[in-house]
Structure formats: structure tokens, C-alpha cells
Amino acid sequence: MKSLYYILFFAIFSSVYFFVVCQNIPSPRRQQTSTLVGTRLYVFGGDISPTLPSNEVWYLDLSSSFNISTPPWHSDVAMPIGYTFGTSCLSPIDNSTVFLIGGRTWIIANTISFSYTSSVYKFDSKTSQWTTPTISNFNSSFEARN
Ligand SMILES: *[C@@H]1O[C@H](CO)[C@@H](O)[C@H](O)[C@H]1NC(C)=O
């Protein structure tokens, strides 16, 4: 019975410790893209030094003030690919869907190499879902670009 308490204490203590260590602080990055959705400023991907393309999605909620020394970052559902050198834009139709266009898409596996897996990715900020949209009349001569 006593060992059960030890295990419980360890689990509680270590989870608190985990929480403290893993604060929501994004690593410094470059080549990311960002879009304002309502009061949320989203940041997509980017290159984490020295060369690690990120599939992370972060946002800052700008609806209330905060101390800029400790911005309250939130992480959202990661992208299916690492993403650098691209651009993002908000759909004016629903003001919640974000399209990522062009850029370099990176398959993050054992080795990191980039390819142009899709020219466009779609992010539903309401459901945090990523899809590759089927776009009718998409000009297939459009090549992904930096
Ligand atoms: C902002 O945070 C920094 C670091 O924690 C602290 O030194 C500073 O006093 C804070 N400023 C305000 C206005 O709370």
C-alpha cells in the first residue's frame, strides 16, 4: 500500500514538474508565416535553428493585454508538414479558414528533406483541422515557391 502512495506522489510530482518545464514558449525561428484570425495571431511553421523546419502552430490571443516579456503563447494542432518560406492568408468568406500557399513543405521523418507535397494547405481555425483542399480550376502551372 505504501508503494502505491509513492507511485501516486511520483506521478503527481512529475506531472507538475513536466508542466513547469514544458511551458508554451516557441523556439526562435525564421521563415515562418503568420495570419491574424479574429483576435488570434497565428504563426505557422518556420525554421528552428540551425535547420529544422517546424510543423508547429502557435497563436497569441490579443483580446486581452499581457506582459510582452511573457507572451501567453498557445500551441494548436500541428501541420501535417514542416513549413517554411510560404505565405498564409485568411479567407474573407468565413474569416476563420487560413490558406497556406507556396513555400517549402517538409516531410518530417528520419531524414528531413523538402518537397512540394501540395501547393495549398487549408487550416480550419475553428476545428483546428488541416486538409489539402481540392480546388476546381486550379492552375496546375502554379509551382510552389519561396
Ligand atoms: C513583465 O515580466 C517581467 C519578467 O517576468 C517582469 O520583470 C516585469 O516586472 C513585468 N512587467 C509588468 C508590467 O508586470
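Just follow the structure's listing: the first ligand is 1, and inside any ligand the first atom is 1. These figures come from a predicted structure and were not determined experimentally.
Nearest to atom 4 (C) of ligand 1 among the protein's heavy atoms is Ser69 CB, 4.0 Å. In terms of protein heavy-atom proximity, atom 6 (C) of ligand 1 is nearest to Asn67 ND2, 4.2 Å. For atom 5 (O) of ligand 1, the closest heavy atom belonging to the protein is Thr70 CG2, 4.3 Å.
Here the shortest heavy-atom pairing between Pro71 and Leu60 reads CB-CD2, 3.8 Å.
If you check the side chains of Thr84 and Asp47, you find no donor sitting under 3.5 Å from an acceptor. For the residue pair Thr39 / Asp61, a side-chain donor-acceptor distance below 3.5 Å is found, with atom types taken as modelled. Defined by atom type and a distance below 3.5 Å, a donor-acceptor pair is present between the side-chain atoms of Thr33 and Ser88.
Proximity of atom 2 (O) of ligand 1 to the protein is indicated by at least one non-hydrogen atom lying closer than 4.0 angstrom. Checking atom 11 (N) of ligand 1 against the protein gives a heavy-atom contact under 4.0 Å.
The OG atom of Ser34 sits 8.5 Å away from atom CZ of Phe44, with the distance rounded to the nearest 0.5 Å.
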